[in-house]
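Both ligands and their constituent atoms are indexed starting at 1 by order of listing. Remember, predicted model here, so these are calculated numbers, not experimental data. Note: hydrogens, waters and symmetry copies are ignored here, and every other heavy atom, side chains too, is used.
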Amino acid sequence: MNKFFKCTLAFLALTVAFSGLRAQDRNAGKPIIGVSATTESGLAAAPLTYVNSVKIAGGVPLVIPMTTDEDQINAILEAIDGLVMTGGEDIDPLKYFGEEPNLHLGTIVPERDAFDVKLIRMAVAKGIPVLGICRGEQIMNVAFGGTLYQDIPSQAKDSYVKHNQNAPRNYATHSIDVEPNSLLYNQLGGVKKINVNSYHHQAVKDVAPGFRVTAYSKDGIVEAIEKEGTDCVWGVQFHPEGFVSSGNTDFLGIFKHLIDCANRKR
Ligand code: MN
């Protein structure tokens, strides 16, 4: 056997051994959780609070860059076991739920809207577990036919709670009532009332067909939704990652449930 042939054989044997290991790791290891990228000029990035919460809950975070190319999204969805849709900018009301823009509508990012809507619809169609947070919850509602308050203070007439807090992200400023026998209720260990943080001026108005509301603030603003007929697609208006990433375990069950769903999906 000449030297070259020996090297080639050894290389082939190693390649086979490594690919075997990889497959084994994937079966025995932690689930891979996609985290939708936010809009930062020139970056494909997501805040560490989301990334670290996935890690703390037992998953492997993988940031998904913005794209509307369906082949790219398909390939990414093949690689992940679960998905977190992150918070961020306002959603274009005219394009996604047929309303003129309110005077107080904030910044909209058309390419992120298109990416998020496509990603979440394709993920749900493939049976991939999805947790939507803040904008992620709102985009979940809009992607499946629901509407939003574009600006709570001017559109939700009975609202009296401050939903845009001036306090640290791991500090709770308003309470929510949680629907018993809902995903959120179970994830929080069976509590009907809990205090949450609040960083939003938009909120779910009409819930999408096939979804139900599972938590409200005292002024009637929707704080959580879930898809009926599955226990692995849901969203929250508050920011559990603000608590989980700082070591507070009160909301860890929300991320743990995503990991459980992802493990079942694999
Ligand atoms: Mn709120």
Side-chain angles (χ1 to χ4, degrees), residues 36 38 47 49-50 53 84-91 93 97 99 102 104-108 116 130-143 146-180 182-189 191-208 211-227 233-246 248-255 257-258:
S36 66
T38 59
T49 48
Y50 296 92
S53 294
V84 176
M85 298 295 299
T86 57
E89 300 85 355
D90 286 0
I91 296 161
F97 47 99
E99 281 184 13
N102 178 280
H104 303 285
L105 180 69
T107 302
I108 58 173
D116 280 356
V130 185
L131 163 61
I133 295 175
C134 195
R135 171 193 164 91
E137 177 234 30
Q138 295 164 6
I139 209 96
M140 177 182 281
N141 189 52
V142 162
T147 66
L148 302 178
Y149 288 117
Q150 298 179 43
D151 174 61
I152 293 170
S154 64
Q155 293 188 321
K157 294 295 174 215
D158 297 328
S159 178
Y160 62 89
V161 171
K162 183 176 173 68
H163 287 279
N164 204 356
Q165 74 186 45
N166 301 110
R169 297 197 84 83
N170 61 353
Y171 188 80
T173 59
H174 76 63
S175 67
I176 58 170
D177 292 313
V178 183
E179 197 67 36
S182 64
L183 283 178
L184 185 62
Y185 179 81
N186 295 332
Q187 290 160 3
L188 297 176
V191 299
K192 282 197 231 171
K193 192 178 173 188
I194 194 165
N195 298 338
V196 299
N197 54 6
S198 200
Y199 291 93
H200 58 115
H201 79 113
Q202 299 203 311
V204 168
K205 186 166 65 180
D206 302 308
V207 71
F211 283 74
R212 70 175 176 128
V213 176
T214 58
Y216 290 99
S217 55
K218 287 294 176 197
D219 57 347
I221 294 299
V222 171
E223 293 279 344
I225 61 172
E226 67 181 55
K227 190 177 192 307
V233 177
W234 77 104
V236 292
Q237 181 57 73
F238 53 93
H239 286 271
E241 82 288 357
F243 296 96
V244 173
S245 64
S246 73
N248 178 323
T249 56
D250 293 354
F251 297 91
L252 182 57
I254 294 173
F255 282 93
H257 183 76
L258 180 65

Just jot down the side-chain hydrogen bond (donor to acceptor under 3.5 Å, both in side chains) partners of Thr173, sequence neighbours excluded, or say none. Gln165
Just to verify, what does Asn186 make a side-chain hydrogen bond (donor to acceptor under 3.5 Å, both in side chains) with, not counting sequence neighbours?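 Checked Asn186 against side-chain hydrogen bond (donor to acceptor under 3.5 Å, both in side chains); zero matches.
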Do you know how many protein N, O or S atoms are within a distance smaller than 2.8 Å of the Mn ion (ligand 1)?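 Every protein N, O or S atom under 2.8 Å from the Mn ion (ligand 1) counted, the figure is 5.
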For Phe211, what residues pass the ring-ring contact (aromatic ring centres under 6.0 Å, His included) criterion, not counting sequence neighbours? Phe144
Does the side chain of Ile254 reach to within under 4.5 Å of the side chain of Leu184, using non-hydrogen atoms?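 Yes - at least one pair of side-chain heavy atoms lies under 4.5 Å apart.
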Would you tell me whether Asp219 and His163 have side-chain atoms, one donor and one acceptor, within less than 3.5 Å of each other?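 Yes.
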Return yes if a side-chain donor-acceptor contact under 3.5 Å exists between His200 and Gln202, otherwise no. no
